[in-house]
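This structure is a prediction, so every number in the text was calculated from the model and none was measured.
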There are 2 protein chains.
Amino acid sequence: MKNGIKVGLVEDQHLFRDGIKAILSAWQDIEIIFEAGEGFSVVQTLLQSEQVPDVMLVDLSLPPNGSTPYSGEQLTIDLTATFPEMKVLILSGHQDEKFIIRLIEAGAHGYLVKDSDPLEVYQAIVTAYEKGAYINERALMAIQQNIGKKTKEIFRSDTDLTWRELEVLELICRQHTAEEIGEKLFISVKTVNGHRSNLLLKTASRNVAGLVMYAVKNGLVNI
Amino acid sequence: MKNGIKVGLVEDQHLFRDGIKAILSAWQDIEIIFEAGEGFSVVQTLLQSEQVPDVMLVDLSLPPNGSTPYSGEQLTIDLTATFPEMKVLILSGHQDEKFIIRLIEAGAHGYLVKDSDPLEVYQAIVTAYEKGAYINERALMAIQQNIGKKTKEIFRSDTDLTWRELEVLELICRQHTAEEIGEKLFISVKTVNGHRSNLLLKTASRNVAGLVMYAVKNGLVNI
DNA sequence: TTTTGATTAGGTATTTATACCTTATTTTAC
DNA sequence: GTAAAATAAGGTATAAATACCTAATCAAAA
């Protein structure tokens, strides 16, 4: 247990969390010293803790916890800003390659889909710790395809939608009302409706059905 | 290992699968004899196998595999029809209570969210095996709330949509309003709204966005 | 033959979406 | 440094969707 790689784990699904712990316990050079079920309090907790993980596994789709949405992306930004030595590995349920770029821009050092082989998780941890990053073949290809463009331009180039509009569109597809979207994004219902109006204009849609179809056609939402 | 409860596991996320296996291996009276990453071939495989699980853990959100969507709900229906002695426990990522009713109608013997305590999974397996069902507090509440309301209709409702409902769904996806749909199909707006209500019920959707997503997921509309 | 399910149609009420405006602040681009 | 775009927020409407009822007709299945 001594001098092993100190690993942290932020994952809302309790079972999954324990599962990963069980899997990783097979390797003596890995030691899980931190875990959390939501992202909001992680940085604060670590700042008051005497030891900080070398490698942090972060679930990309951390759900809004009560009234405070705190995504894996935001946690990645905050973690890498606060602990520059820490390596952040993203665990993603959906393998939408577009997210990889966003997460890497946010500071992530690696990207794993949850459907990965357990061995790959171990390898990712060790590689990220020793070499500073773990990029597998799939992630590499996604990066290569989008190289040269900057993150936000990726979205704008093939969709013409802004960042905020994409966020709203995603939530519309997930069946949320304008009011709920406003609560999730901390903006007024009026603003949400403004974004939706722009979405309808830009996508040449008549209503939500058109928006959802557009999102699906352009791969902007995970089916 | 002998005379333990034979457990099967159908879960597309490899890590999660191995995690559950690792967790359940702590109990000697449980033996995992079957696992699969998708649902489509499960029944066929089991029919050709010499031993069949007593309890099967099924991921509710099995993704469409290639061109053949095969949900956890459908797998539950097929499993309980083919192996009447088998107990099916649903693992659900989202705790949408509406699904509980549908899954129970499909033949499930228990419903667990993935955010459950590991101990609860073990207890659910044993209880389902010994007593035939495992209903926890949350599931019970969901059932109680819906009983007497639309429950009967939900129970009666097939996952399958009728021909007319499919026509309406198609036109909804094409951005038509209820009034337009009525004109196209030569029926009253009221009738269209009736069909849409049934569609919302059958697909467990909140609004058109959910209907469109359902249609896309199940290949009911050309993207 | 009885029953069930599909389709049709209506009422009433509420909620949500959509259209069309204006304005201010901040970010980004040139 | 200025211009343009993105973001936020508001008002005032109407249109559409959704919820929750009932009920008639017809065809198919039991």
Side-chain angles (χ1 to χ4, degrees), chain A residues 105 149-157 159-215, chain B residues 98 105 145-215:
Chain A
E105 204 216 2
K149 308 173 188 175
K150 288 186 179 171
T151 322
K152 290 182 182 176
E153 287 166 358
I154 294 171
F155 288 86
R156 247 179 267 156
S157 63
T159 67
D160 244 276
L161 301 181
T162 68
W163 184 275
R164 205 54 156 171
E165 285 163 354
L166 281 166
E167 285 184 303
V168 173
L169 179 56
E170 156 88 19
L171 291 170
I172 286 175
C173 291
R174 300 278 169 237
Q175 308 191 49
H176 294 293
T177 67
E179 199 178 358
E180 291 169 348
I181 296 173
E183 286 168 7
K184 281 181 187 294
L185 300 180
F186 299 111
I187 55 181
S188 156
V189 188
K190 286 293 180 182
T191 308
V192 177
N193 280 328
H195 287 310
R196 190 177 42 201
S197 286
N198 290 331
L199 282 166
L200 290 172
L201 255 177
K202 288 186 178 181
T203 64
S205 301
R206 298 176 62 189
N207 49 37
V208 268
L211 290 181
V212 176
M213 289 294 279
Y214 179 91
Chain B
K98 282 186 183 176
E105 201 223 359
Q145 284 173 353
N146 289 324
I147 215 140
K149 285 184 183 178
K150 291 182 180 175
T151 317
K152 290 171 188 168
E153 288 164 33
I154 294 174
F155 265 76
R156 239 181 282 147
S157 74
D158 253 339
T159 325
D160 300 324
L161 304 179
T162 68
W163 181 249
R164 206 52 159 173
E165 285 164 353
L166 282 170
E167 286 184 303
V168 173
L169 180 55
E170 156 88 18
L171 291 170
I172 286 175
C173 291
R174 300 282 167 233
Q175 309 191 50
H176 294 294
T177 67
E179 200 178 356
E180 292 169 349
I181 296 173
E183 288 168 7
K184 280 181 187 295
L185 300 180
F186 300 108
I187 55 179
S188 158
V189 189
K190 284 296 180 183
T191 308
V192 177
N193 278 327
H195 287 311
R196 190 178 40 202
S197 285
N198 289 330
L199 282 167
L200 290 171
L201 199 65
K202 288 186 177 181
T203 64
S205 301
R206 296 176 64 188
N207 49 38
V208 267
L211 290 181
V212 177
M213 290 293 279
Y214 179 91

If you only use heavy atoms from C-beta on, which nucleotide in D:dT7, D:dA17, C:dA17 is closest to the side chain of B:Arg196?
D:dA17
In whole angstroms, the gap separating P of C:dA17 from CG of B:Leu211 amounts to 14 Å
Using whole Å, report how far CG of B:Asn198 lies from P of D:dC20.
13 Å
A:Leu201 CG to D:dA6 P: how many Å, rounded?
13 Å
With a 4.0 Å cutoff (strictly under), does any side-chain N or O of A:His195 reach OP1 or OP2 of D:dA6?
no
So, is B:Ser188 close to the C:dG10 phosphate, meaning a side-chain N or O under 4.0 Å from OP1 or OP2?
yes
Note: for A:Glu179 and A:Ser205 on DNA chain C, the residue whose nearest nucleotide lies more 5' is A:Glu179
Between P on D:dA9 and CD1 on A:Ile181, what's the gap in Å once rounded to a whole number?
14 Å
A:Ala178, nearest nucleotide to its side chain (from D:dA9, C:dT8, C:dA17)
C:dA17
Identified side-chain contact (heavy atoms from CB on, under 4.5 Å) counterpart of A:Ile172 within the set A:Val192, A:Thr177, A:Val208:
A:Val208
Describe the nucleic acid contact of A:Val208 in one word from base, sugar-phosphate, nothing, applying a heavy-atom distance below 4.0 Å.
sugar-phosphate
Can you tell me if B:Asn198 uses its side chain to pair, donor with acceptor, with the backbone of B:Leu201 under 3.5 Å?
no
Interatomic distance, B:Asn207 CG vs D:dA16 C1' [rounded to whole Å]:
13 Å
Would you indicate which nucleotide in D:dT18, C:dA9, D:dA8 comes nearest to any side-chain atom of B:Ile187?
C:dA9
If I compare all heavy atoms of B:Met213 with all of A:Val212, which pair ends up nearest, and what's the gap?
SD-CG1, 3.6 Å
Phosphate-side-chain proximity, B:Arg206 and D:dT18, N/O vs OP1/OP2 below 4.0 Å:
no
Interatomic distance where CD belongs to A:Glu165 and C1' belongs to D:dA8 [whole Å]:
13 Å
Can you check the A:Phe186 CZ to D:dT7 P distance for me, whole Å?
18 Å
Send over the distance from A:Leu199 CG to C:dA19 P, rounded to a whole Å.
12 Å
Which atom names give the shortest non-hydrogen contact between A:Leu199 and A:Val168, and what distance separates them?
CD1-CG1, 4.1 Å
So does B:Lys190 reach the base of D:dT18 with its side chain, donor to acceptor, closer than 3.5 Å?
no
Hey, is the side chain of A:Thr191 poking within less than 4.0 Å of OP1 or OP2 on D:dT7, counting only N and O atoms?
no
Contact class for B:Asn193 (heavy atom, under 4.0 Å): base, sugar-phosphate, or nothing?
base
Output the distance between atom CD1 (A:Ile181) and atom CD (A:Glu170), rounded to the nearest 0.5 Å.
10.0 Å
